[in-house]
Structures are given as structure tokens and as C-alpha cells.
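Working notes for the structure below.
Everything quoted here is computed from the prediction, not taken from an experiment. Just so you know, ligand 1 is whichever comes first in the structure, and atom 1 is the first atom listed for that ligand.
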Amino acid sequence: MGLKLFNTLSRSIQEFAPLDSAGKKVGMYCCGPTVYDFAHIGNWRTFVFGDLVRRYLEFKGFAVTHVMNITDVEDKIIKRVRETKTSLRKFTGKYETAFFEDLKTLNCLSPHQTPRATEHIPEIISLIEKLIQRGVAYQAADGSVYFSIEKYRGCGCNYGQLLKLNFDEMRAGERVKSDEYAKESVADFALWKARAPEDGDIFWPSPFGEGRPGWHIECSAMSMNALGETFDLHLGGEDLIFPHHEDEIAQSEGATGKPFVKHWLHGAHLLVEGKKMSKSLGNFFTLRDLLAKGFTGREIRYLLLTAHYRETFNFTMDGLAGAKTALARIDECLGKLRGIAGRDALPRVQADQQVGPANLVANFTAAMDDDLNISAGWAAVFDWVREMNKRIAENLLSASEAVSALAAWGKINSVLGLSEQTNGVLMNFSMGDPASDWLGDPEVIKLVLERADAKKAKDFKRADAIRGELKAKGWLIEDTPKGAKLKKI
Ligand code: AMP
Ligand code: ZN
């Protein structure tokens with residue numbers, strides 16, 4: 001069955017079909033962090049959502065190129081650099097490093113490319129030049145270059161593709177230099193901001209004079225540079241629909257004359273205890289604040305993944321405590337399955353054999369194909385846990401069935417990314433990673449689990465012998481600080 005996703009562009013649920021004629025390659029761009037502070041838990045909801053989309057596409061067999069930009073020059077950053085009297089690179093470097101650490105804590109896969117805006121100034125300038133040549137951008141008396149919405153619309157282009165705008169009721173024709181503005185004041189927006197005294201030494205030379213790029217043009221330039229003039233998927237939080245994404249479309253289509261993005265996905269916002277997060281309300285949390293309270297990245301990831309991406313999510317401390325309990329239930333079941341899997345000789349089983357009426361992989365896939373219906377996905381997981389526990393309690397589960405069950409879990413977990421580690425075996429991989437193929441071979445799983453038990457019992461002779469057996473089957477086993485990992489020879 002095919003994957004269906006809600007496309008903000010068509011405001012409807014559509015079959016996901018990549019532009020690639022072979023139906024395999026997918027280009028995906030997620031608007032990344034503005035590195036002026038530690039990312040908060042709302043930001044993390046959106047980034048974990050992006051990770052889920054990538055993991056699920058890989059699970060479905062697509063070859064994804066995942067690009068996430070780093071916004072390292074814009075209005076808020078410049079203000080902070082001025083206040084803290086540091087250099088731009090030193091200031092943004094600190095938060096960029098923290099961002100990548102947090103990404104790991106939440107077990108998000110690293111994007112394949114993470115371009116920085118400050119390293120794409122030439123691409124940004126050439127995009128602006130194209131827009132000027134095409135007559136949809138102009139340099140104003142203040143020295144800044146603006147995008148002309150009127151000229152763009154005059155060429156028959158549509159401004160307001162993501163958000164329906166009623167131009168008759170709006171004050172059009174004004175100009176905004178700020179990167180963020182309300183739709184009521186739809187106005188020409190800045191592509192290049194002329195150097196101002198308050199920018200300090202943050203400026204670059206350009207054919208339009210010294211200055212710096214606007215935020216919106218950064219994403220148009222970096223996404224097209226990495227993925228081409230037309231690509232498959234663009235993601236971000238719902239607050240980015242207007243003006244950021246609408247302006248990205250106008251700049252990109254205005255320059256190339258081609259459609260910019262096929263599918264737009266937007267994640268709904270996160271509230272904390274029912275309220276919009278704000279420092280003054282005391283309900284503002286960075287990931288680090290929650291870790292300091294004793295919660296783990298895994299628990300936070302689980303909680304962020306419990307709600308459907310198009311629903312506003314109410315984040316609560318009770319919810320986090322609940323995440324601990326839910327994960328313990330899964331871990332307990334997996335622990336028992338591993339115990340049974342290592343118990344007796346392994347009869348041959350079908351690689352894709354599923355255990356019991358709760359067909360985990362099929363049910364989970366059916367749920368996720370339906371616009372990433374994660375609630376139904378979790379229902380499939382917990383139905384399966386219940387079924388497994390029942391069969392274990394009744395002593396009705398054979399070792400081979402336990403191995404198949406673990407293989408099924410491994411596949412699902414390549415999407416969920418709950419890096420549980422029991423018995424020293426790392427059951428955490430991406431389906432895009434060929435190393436996860438071993439999950440399809442129950443005999444290999446059995447050997448890996450047996451080796452972990454042998455190591456635990458300090459039976460290194462047996463552990464080494466198993467390493468040899470795995471090698472003969474074409475697998476190299478490596479011990480990493482996170483657990484054992486397999487590599488295809
Ligand atoms: P920023 O670092 O401000 O550019 O934001 C990074 C991402 O976080 C963007 O995709 C925003 O849409 C998203 N975001 C910001 N606030 C929230 C929130 N409260 N809930 C969910 N996503 C958010
Ligand atoms: Zn962006």
C-alpha cells in the first residue's frame with residue numbers, strides 16, 4: 001500500500017509519489033534551527049517529526065537525501081551578538097554544537113547535509129541577481145533589495161499558495177525589512193538588507209552593496225543548491241507557513257519559473273500544560289532543562305512521538321512520567337522475548353514470519369501509511385506487547401517465534417528510534433542502513449543474542465566462536481560503547 005500524506009499546498013491528503021521516475025530517490029528539506037539559543041521542546045517536536053518522516057520513508061524503501069539548514073545569520077542572531085559582544089561565528093558555534101548534541105540525545109538521524117547560511121552567500125547573491133533580472137526584485141532607496149509581490153503576481157504567478165490571501169482586503173504594496181510579519185501586512189520583503197550601523201561587522205560585499213541576506217532567501221538558496229530547483233518534500237513547523245514558506249516559494253519559482261516543492265508538510269505546535277510556551281509564564285523548557293529534571297532523551301522522544309503531527313500537542317510533566325511507564329512495558333516484553341529466543345535450538349523459520357494475530361509490521365505500516373497516523377501505530381505496538389505477554393505467560397511462544405517477534409520489533413523500531421539496549425545488543429538502526437538486513441535472518445539474530453549472553457557470562461571463548469560463525473554468514477560484529485553492531489562484509 002502507498003503512503004498518503006497531507007500536503008499543505010493542496011490542503012488535502014495525497015498519495016506520496018517522488019519526482020524520481022524510478023520512484024526511489026526522495027529529496028527532503030527541513031527548516032533547521034536559528035542558532036541564537038538552545039532549542040526548546042517545541043522546536044524539538046518539529047525536528048523529531050522531521051526525523052520520523054525520514055525514517056518512515058526509508059522504512060518504505062525510499063532513498064532519502066535529508067537536508068537541514070542552520071540559520072546562522074538573521075535579525076535575532078545579530079541582536080544577540082551585539083548584546084553579548086562576541087563574534088558571529090563564536091556565538092552561533094556554541095548553539096550549533098548544542099543543537100547537534102541534542103539531536104543525538106533524541107536519537108534523531110543526522111541529516112545528510114546541514115548547510116550554514118553564512119557559507120552560501122554567493123548562491124544567495126546569484127539567486128537575488130536572477131530575481132532582479134526577471135524583474136521581480138528591485139533595489140530601494142534605502143539600499144536594500146526587495147521582492148516585489150505586485151510584479152510577481154503581474155507575471156501570472158500565485159502569491160498565497162500555502163495560505164489563501166485576500167489581496168482586496170489587505171494593505172499591499174508596503175515594504176518590510178523584518179524577517180517576520182503578519183499576513184495582514186502582506187508586503188514586499190527584503191532579500192538583501194543593506195548594511196546598517198547596528199549590524200557591526202556582520203556584512204558581506206555584493207553587487208547591491210554591503211549587507212546581509214534576509215532569512216527567507218537563505219532557505220530558497222540552500223534547498224535548491226542541495227536538492228535542485230524542484231524537489232519532493234519541504235517540512236517545518238506550522239508557524240513557518242506564512243511568511244517564511246510562502247516567500248520561499250515566491251523567490252524560488254520567481255527565479256526558476258519551475259514548481260519549487262511537490263509536498264509541503266507542516267507540524268502543529270506544542271503547548272506546555274495547555275499554554276503557549278513563554279519564559280515569563282515559567283513554562284519554557286529546553287531539552288537540557290528536562291534532562292536536568294532527570295528525564296531521558298528516549299522518554300522525551302517517546303512523548304513527542306505520541307501525538308499525530310497535525311494535532312496541537314499538549315506537553316505535560318505527567319505525560320513524561322507516563323512515557324517512562326509505557327517504555328518500561330515495551331522493554332519488559334522485549335527482555336522476555338530475548339530470554340526465550342536464546343533458550344533452545346532454533347528451528348528454521350520464515351524470515352518474515354509474524355507471530356500471533358497481532359501482526360505488528362503490517363498493522364503499524366497500515367497506520368503510518370495513513371498520513372503518519374502514529375496513534376494507530378502505537379495501538380499496533382501495544383496490542384502486540386499484550387499478545388506477546390499473554391503467549392509468554394501461557395508458555396506458548398517458541399524460541400523461533402520469539403526471534404521472529406524481535407525481528408518484527410527491530411523493523412518497527414527503525415522508524416520509532418527508541419534505542420533500547422538490552423543484553424548489550426543495539427537494536428537501533430535505520431532501514432536505510434544495510435546493516436539492518438540482519439533482522440531478516442533469525443539465525444543471525446539468535447547468534448547475536450547468544451554472543452551477548454556468552455559475554456555477560458564471561459565465556460569469551462564461546463563469544464569468539466560466535467563471531468567466527470557470524471563472519472562465515474557474511475557479518476562482522478563490532479562492539480561499540482552503545483552495544484554490539486553488525487556490518488555486512
Ligand atoms: P527556529 O529555531 O525558531 O527557526 O524554529 C525551528 C523550528 O521549530 C521551526 O520549524 C518552527 O516552526 C518550530 N517551532 C517553533 N516553536 C514551536 C512550537 N511551540 N511547537 C512546535 N514547533 C515549533
Ligand atoms: Zn527555512
Distance from [atom] to nearest protein heavy atom, with residue and atom:
{"atom": "atom 11 (C) of ligand 1", "value": "D239 OD1, 3.4 Å"}
{"atom": "atom 22 (N) of ligand 1", "value": "T46 OG1, 2.7 Å"}
{"atom": "atom 4 (O) of ligand 1", "value": "T34 OG1, 2.8 Å"}
{"atom": "atom 19 (N) of ligand 1", "value": "L270 O, 3.3 Å"}
{"atom": "atom 17 (C) of ligand 1", "value": "H269 NE2, 3.3 Å"}
{"atom": "atom 16 (N) of ligand 1", "value": "H40 CE1, 3.5 Å"}
{"atom": "atom 10 (O) of ligand 1", "value": "G237 N, 3.0 Å"}
{"atom": "atom 14 (N) of ligand 1", "value": "N43 ND2, 3.6 Å"}

(request) Test the R153-Y159 pair against the cation-pi criterion, namely NZ or CZ under 6.0 angstrom from the six-membered ring centroid and within 45° of the ring axis. (result) no
(message) Among the N/O/S atoms of H244, which is closest to the Zn ion (ligand 2)? Give the atom name.
(response) NE2
Checking the side chain of [X] only, and the main-chain atoms of [Y] only, is there a donor and an acceptor separated by less than 3.5 Å?
{"X": "H120", "Y": "E123", "answer": "no"}
{"X": "R212", "Y": "W192", "answer": "no"}
{"X": "H308", "Y": "D371", "answer": "yes"}

(message) Checking ring pair (Phe, Tyr, Trp, His ring centres under 6.0 Å) between F16 and each of Y56, F62, F6, which is the one that passes?
(response)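 Of the listed options, the one satisfying the test is F62.
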Looking only at heavy atoms of [X], does any of them come nearer than 4.0 Å to an atom of ligand 1?
{"X": "F47", "answer": "yes"}
{"X": "K276", "answer": "no"}
{"X": "T71", "answer": "no"}

(request) Check A321 against F295 and note the closest heavy-atom contact, atom names and distance. (result)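 Closest heavy-atom pair between A321 and F295: N-CE2, 4.2 Å.
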(message) Please find the pair of heavy atoms, one from P111 and one from M68, that lie closest to each other, and give the distance.
(response) CG-CB, 3.8 Å
(request) In sequence, state the C-alpha distance, the side-chain angles, and the governing distance for S220 and Q251, and then conclude on side-chain hydrogen bond (donor to acceptor under 3.5 Å, both in side chains). (result) CA-CA 7 Å; S220 285; Q251 295 160 152; 2.8 Å; yes
(message) On a heavy-atom basis, I'd like to know which of G42, C31, A39 is closest to atom 21 (C) of ligand 1.
(response) G42
(message) What verdict does the ring pair (Phe, Tyr, Trp, His ring centres under 6.0 Å) test give for F91 and Y95, after you've listed the backbone C-alpha separation in whole Å, the side-chain angles of each residue and the deciding distance to 0.1 Å?
(response) CA-CA 7 Å; F91 177 81; Y95 296 111; 5.3 Å; yes
(message) the Zn ion (ligand 2) and C31: any N/O/S contact shorter than 2.8 Å?
(response) yes
(request) Specify whether an N/O/S atom of C219 falls short of 2.8 Å from the Zn ion (ligand 2). (result) yes
(message) Taking 4.0 angstrom as the limit and counting only heavy atoms of P33, give me the atoms of ligand 1 inside it, by number and element.
(response) 2 (O)
(message) Looking at K177 and D75, is any side-chain nitrogen of the basic one under 4.0 Å from a carboxylate oxygen of the acidic one?
(response)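 No.
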